[in-house]
**Student:** 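Below you will find the structure I want to go over with you.
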2 protein chains.
Amino acid sequence: MVRTSAPRAQEGTFFCLGHLEITMDFPEHTVAGCRGREILERIGDKWSLQVIALLGDRTLRFTELKREIEGISQRMLTVTLRGLERDGIVTRTVYPVVPPRVDYALTPMGTTLLEAAITLVTWAESHLSEIDAARAAYDARTPTPAPVTSN
Amino acid sequence: MVRTSAPRAQEGTFFCLGHLEITMDFPEHTVAGCRGREILERIGDKWSLQVIALLGDRTLRFTELKREIEGISQRMLTVTLRGLERDGIVTRTVYPVVPPRVDYALTPMGTTLLEAAITLVTWAESHLSEIDAARAAYDARTPTPAPVTSN
DNA sequence: CCGTATCCTGCGAGATACTG
DNA sequence: CAGTATCTCGCAGGATACGG
């Protein structure tokens, strides 16, 4: 059994994913703005994890990132990088040359985040076939209700 | 150094987060629909992880989940649970009684997913203050451009 | 109690055009 | 090269009402 939420009205250090009660002694653990969820909002968005993964490999320039990440728009790459920079996940280094050159790299904290995230990716890799099987079984049990072609 | 993307034009088992080239010998690793991202879309959404965390604790009924998860709508709880059920993360057990009773529980696979996800939550817990500091520093460096109140 | 069925809204995110 | 500035649109997700 994995213990993630607290027995009611108890205190201590818990994962901030469940009960209201556990937040009493930890003002920073609000329910609506559950801090534990913030990291998911950070790497759970469409592009952040890909950026982090690429930078885990090596420092990259803006255009290099754009080229590596299939389908990302210039705007979203900028937005993503700014968010990661603000959170201290990546560093942004501007070289005052012309044409401009900007390097992005993982901070030490960013590296540890990547290591933590890899746990999940690894899990995904090793369970994809099982998930596919579950989906197929589910869809077989619950055939899509024919969109009104039977009359 | 964390190695997440492949040296170009090489083959083997890599994390599906970066290069195009690594997908050549793994048809299931498409770029747009990167399978590694699917799990993030699963637990990265607004409610799934909270549901998983609560069920990691113990089996819960629909209404119990609704009560525990502050702010979730009936609709989104249903949608979330259906998705998790389809992926084989949770089981749904209907008792033919009146009024109806439906129990939700983690599958073995769901439990392993929770364990993997906890890695990230733990990381978040232990880096929140560092992130806050980074944000404060960033915001100090980059004060919000006054929204035209200076004329 | 445990859902579906609609309607509606805000925001994530793409496309495009323009600058230092 | 490395961005900002707009405009636009789809859809995740909330509110509400009803059904078995």
**Student:** How long is the gap from CD1 on I52(A) to OG1 on T111(A), to the nearest 0.5 Å?
**Tutor:** 10.0 Å
**Student:** Quick check for you: to the nearest 0.5 Å, what is the distance between R42(B) atom CZ and L113(B) atom CG?
**Tutor:** 9.5 Å
**Student:** Atom CG of L77(B) and atom P of dT4(C): how far apart are they, to the nearest Å?
**Tutor:** 11 Å
**Student:** How many Å lie between CG on D103(B) and C1' on dG3(C), as a whole number?
**Tutor:** 15 Å
**Student:** Going from OH on Y138(A) to CZ on R82(B), what distance comes out if it is rounded to the nearest 0.5 angstrom?
**Tutor:** 5.5 Å
**Student:** Would you mind telling me which residue lines up with the more 5' stretch of DNA chain C, R61(B) or T78(B), judged by nearest nucleotide?
**Tutor:** R61(B)
**Student:** In this structure, how many angstroms lie between the P atom of dT4(C) and the CG atom of L81(B), rounded?
**Tutor:** 10 Å
**Student:** Taking transitive links into account, so neighbours of neighbours count too, which hydrophobic residues share a cluster with V98(A) at under 4.5 Å side-chain distance?
**Tutor:** none
**Student:** For Y104(A), which contact category applies under a 4.0 Å heavy-atom criterion: base, sugar-phosphate, or nothing?
**Tutor:** sugar-phosphate
**Student:** Can you sort out the partners of A134(B) under side-chain contact (heavy atoms from CB on, under 4.5 Å), two or more places apart, ordered by chain and number?
**Tutor:** none
**Student:** When every nucleotide of nucleotides 14-20 of chain C is labelled 5' to 3' by its protein contacts under 4.0 Å (heavy atoms), B for base, S for sugar-phosphate only, - for none, what sequence of letters results?
**Tutor:** BB----B
**Student:** Tell me every residue that passes salt bridge (Lys or Arg N to Asp or Glu O under 4.0 Å) with E64(B), counting only those two or more places apart in sequence or in another chain.
**Tutor:** none
**Student:** Provide, to the nearest angstrom, the distance between the CZ atom belonging to R82(B) and the C1' atom belonging to dA5(C).
**Tutor:** 14 Å
**Student:** Rounded to the nearest Å, what distance is computed from the CD1 atom of residue I69(B) to the P atom of nucleotide dC2(C)?
**Tutor:** 14 Å
**Student:** Please enumerate all residues that pass salt bridge (Lys or Arg N to Asp or Glu O under 4.0 Å) together with D103(B), with sequence neighbours excluded.
**Tutor:** R101(B)
**Student:** Using a 4.5 Å cut-off on heavy atoms from C-beta on, say whether the side chain of D139(B) contacts that of R86(A).
**Tutor:** yes
**Student:** For chain A and DNA chain D, what are the first and last nucleotides along the strand, 5' to 3', with at least one atom under 4.0 angstrom from a heavy atom of the protein chain?
**Tutor:** dC1(D) to dT6(D)
